[in-house]
Each structure stands twice: as structure tokens, then as C-alpha cells.
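Input: one structure, supplied below.
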Protein chains: 2
Amino acid sequence: MRKTVQKQVILSTVLASCDHPDAETICERARAVIPSISLGTVYRNLAQLAADGKLKRISIPDSGDRFDKNVEEHAHFHCLGCGKVIDVNLNFEQMDSCKEFLTEKMGVTLTKITVVMQGYCSDCAKGE
Amino acid sequence: MRKTVQKQVILSTVLASCDHPDAETICERARAVIPSISLGTVYRNLAQLAADGKLKRISIPDSGDRFDKNVEEHAHFHCLGCGKVIDVNLNFEQMDSCKEFLTEKMGVTLTKITVVMQGYCSDCAKGE
DNA sequence: GGCTTATTGATAACGATTATCAGTAACATT
DNA sequence: AATGTTACTGATAATCGTTATCAATAAGCC
Ligand SMILES: [Mn+2]
Ligand SMILES: [Mn+2]
Ligand SMILES: [Zn+2]
Ligand SMILES: [Zn+2]
């Protein structure tokens, strides 16, 4: 993996983000530093950085992927009103025992766990 | 919602499925009964039936949606080798208390929870 | 500096899903 | 049973997020 200014800016952009931005948002933010950076380059580097474990890609149902500086295993809440994604800290004892069950009793190899809760945040109130 | 042969066949196809088929697979199976049924009609009815609670749509990261006759809340394992999706029965005490936390302490309204574990099933062994 | 090749920006291609639309059929009303 | 209304159909185009392609560029090694 070659070190480029684009890659450095993309990574530092994600590391500086306190939300869970998507590729396009990251591209816009990176353009504050490198106005000519292309969306393709952003996607390419995000994929590479995620594969390298420097950041995390989060799949959200019916929505584009988000990116997270927190690479620890944790759940997310996705607001169907405003689209924001927030962390949900679960003490997954149950999850851990489930993982154990899958790996030991079923011979399954786990590589990734996705937990997304969806609904409406307090700002977006229930009724519209 | 109007009752049509297409809708009935699509629903009974899903109800008769013991796996977690995607729209195209459901379309192929439905064509055994109605050879002329179109994929668009399958998508349209699956969306309608899911909205009506008669079946469940499952989002799988980096893959097309699957459909499930089991509308109860449950987790899934997705094999990255053969693509199959199998049920994972979690006793989500932790999940329930998390839902309570989100709704009561954060004022969040929950409508949908997605739990997908990915990796390799025993048939697909770890090393290819 | 010169060489190799990973990376870039621009653009095309992709796959899953949804939208569009004229023709058809479900079903309520006569 | 004939009619009228309109949800639904099949065919097709369009959408959206993402990946692939490719000539030009630049990172990093000698
Ligand atoms: Mn997070
Ligand atoms: Mn299931
Ligand atoms: Zn919101
Ligand atoms: Zn498998």
C-alpha cells in the first residue's frame, strides 16, 4: 500500500469525524483540503483502509454504507427521519455466547457482525 | 390491496420456502406456476406483502435482500462462501434491555432490528 | 535521476431495486 | 350480468451506490 496525500486526507477526515459519514460526505470534507479529489478515489481508499483495519465500514439497510473511526465491534441506531447514525453500546454477553455457539457447535467461522436498529430519533419525533 | 393470482403465488412460494430466497429466486420458483410472471411484479408484491407483515425482508450486507416466511424477530448468519442464510436463534435479553434503553431513556422509536453475522459455514470450511 | 508500478481523476459499467406507462383484470355499483 | 373505476400487470427505462477501466501521474526503490 503506497502512501498518498489523498489516502492520508481521507483517513484523517474519517478520524476527525464524530458522526458516521458516507463516502460522498467524506469526499466533500476531503475537498476542503484537496479540492480536486475524486469520489472514485475516496471509495477506493475507504475500501483499502477498511480492509487494513484502520477504519470500519458499516452497512445500513436501504441506505448507503457509512464509515466509522471506531473499529471496535458495536451496534448502531439509524434514524429513518434524518438519516443520522449513532452508536449503541451493547454489553453483548448474549452475543458472545452466540458467537461461541456458532464457532464451536456449528463449525462456522465468524468474520463480521452487523447490528443495526432503525426507527426515529428524539429529534425526529414519532409523528413526522 | 387487491387479490391477484400473482400475489397469491408469490406469497405461497415464500411460505413454502425453507431457505431465505432473494427476489430473483422467488421469481424463478413462481414461474413454475405462472411462467409469464415478471420480476418487477415479484418485487412489487414482496414489498407490499412485507409492509403488510405477511413476510419479512432481510437486508444482508453486500448482497441482495432476502425474504423470510418467519416474521418473528430473529438473527441470521450469512455464509460468504456459498451465500446461504440460516437462522440464528438468540435469546435477546440483552437486546430487549437495549431496546428499553433506547425507547425510554433516549426517546427513540424502534421499528426494525437487523442482526446479521457473516463468515463461512461448515460446508465452506475456512480455507476455501 | 531513472524505473517500476500503485494510484489518481474521469468516466463507463454494474447490480439490485424502483419508477413509468399503456394495457388488463379485480371488484364495487348499478 | 354489464359497467365503471382503478389497482395491478408485464415490459422497459431510470435510479443509486458502488466498482471497473484506463491513460496519465507520482510514490518509492535502485
Ligand atoms: Mn459507530
Ligand atoms: Mn430467518
Ligand atoms: Zn432523526
Ligand atoms: Zn457456505
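Convention: sequence-line order gives letters A, B, ...; per-chain numbering from 1.
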Which heavy-atom pair separates A:C121 from B:V108 by the least distance, and what is that distance?
CA-CG2, 3.9 Å
Taking side chain to side chain donor-acceptor pair (under 3.5 Å) as the test, write out the residues that go with A:Q6, two or more places apart.
none
Contact check, residues 32-49 of chain B vs DNA chain D, heavy-atom distance under 4.0 Å, returns B:S36, B:I37, B:S38, B:T41, B:R44, B:N45, B:Q48
Give a yes or no on this: more than 12 heavy atoms of other residues, nucleotides or ligands lie within 6.0 Å of atom CD of A:E24.
no
In terms of heavy-atom contacts, B:G119 and A:T111 come closest through CA-OG1, 3.7 Å
Ignoring hydrogens, what is the shortest heavy-atom contact between A:C79 and A:Y120? Give both atom names and the distance.
SG-CA, 3.9 Å
Considering only heavy atoms from C-beta outward, does the side chain of B:H76 approach that of B:I86 to under 4.5 Å?
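A side-chain contact under 4.5 Å is absent here.
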For a quick test of reading the model, state the closest non-hydrogen atom pair linking A:F77 to B:L102 and the distance between them.
CD1-CD1, 4.5 Å
Indicate, with yes or no, if A:L80 and A:I60 share a hydrophobic cluster defined by side-chain heavy-atom contacts under 4.5 Å among Ile, Leu, Val, Met, Phe, Trp and Tyr.
no
Starting from the first five and the last five pairs of the helix from C:dG1-D:dC30 to C:dT30-D:dA1, work out the angle between the resulting helix axes, to 10 degrees.
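Comparing the first five pairs with the last five, the axes sit 30° apart.
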Residues of residues 50-71 of chain A with any non-hydrogen atom less than 4.0 angstrom from an atom of DNA chain C: list those, numerically ordered, please.
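Heavy-atom cutoff 4.0 Å gives no residues at all.
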Positional range of nucleotides in DNA chain C within the contact set of chain A, heavy-atom, under 4.0 Å:
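Both ends considered, the range comes out as C:dT5 to C:dA10.
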Residues that B:K112 engages under side chain to side chain donor-acceptor pair (under 3.5 Å), provided they are two or more places apart
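Per chain and number, B:K112 pairs via side chain to side chain donor-acceptor pair (under 3.5 Å) with no residue.
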Reading DNA chain C from 5' onward, which residue's closest nucleotide shows up sooner: B:D22 or A:I10?
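The 5'-side residue here is A:I10.
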Got a list of side-chain donor-acceptor pairs under 3.5 Å for residues 11-19 of chain B, not counting sequence neighbours?
residue	atom	partner	partner atom	Å
B:S12	OG	B:Q8	O	3.1
B:S12	OG	B:V9	O	3.1
B:T13	OG1	B:V9	O	2.6
B:S17	OG	B:T13	O	2.8
B:S17	OG	B:R29	NH1	3.0
B:D19	OD1	B:R29	NH1	3.1
B:D19	OD2	B:R29	NH2	2.8

Residues which pass salt bridge (Lys or Arg N to Asp or Glu O under 4.0 Å) with A:D87, listed by chain and number, not counting sequence neighbours:
none
Review item, side-chain donor-acceptor pairs of residues 30-39 of chain A, under 3.5 Å, at least two apart:
residue	atom	partner	partner atom	Å
A:R31	NE	A:I37	O	2.9
A:R31	NH2	A:I37	O	2.8
A:S38	OG	A:T41	N	3.3
A:S38	OG	A:T41	OG1	3.1

Scan nucleotides 24-30 of chain D against the protein and return all N/O pairs shorter than 3.5 Å with their distances rounded to 0.1 Å.
residue	atom	partner	partner atom	Å
D:dA27	O3'	A:K3	O	3.2
D:dA27	N3	A:R2	NH1	3.1
D:dG28	OP1	A:K3	N	3.0

Solution key, residues 49-59 of chain B side-chain donor-acceptor pairs under 3.5 Å, sequence neighbours excluded:
residue	atom	partner	partner atom	Å
B:D52	OD2	B:K54	NZ	2.1
B:R57	NE	B:D65	OD2	2.8

Does the plane of the ring in B:H20 sit parallel, tilted or perpendicular to the ring in B:H74? Use 30° and 60° as the thresholds.
tilted
For A:K69, side chain to side chain donor-acceptor pair (under 3.5 Å) partners two or more places apart
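With sequence neighbours excluded, A:K69 shows a side chain to side chain donor-acceptor pair (under 3.5 Å) to no residue whatsoever.
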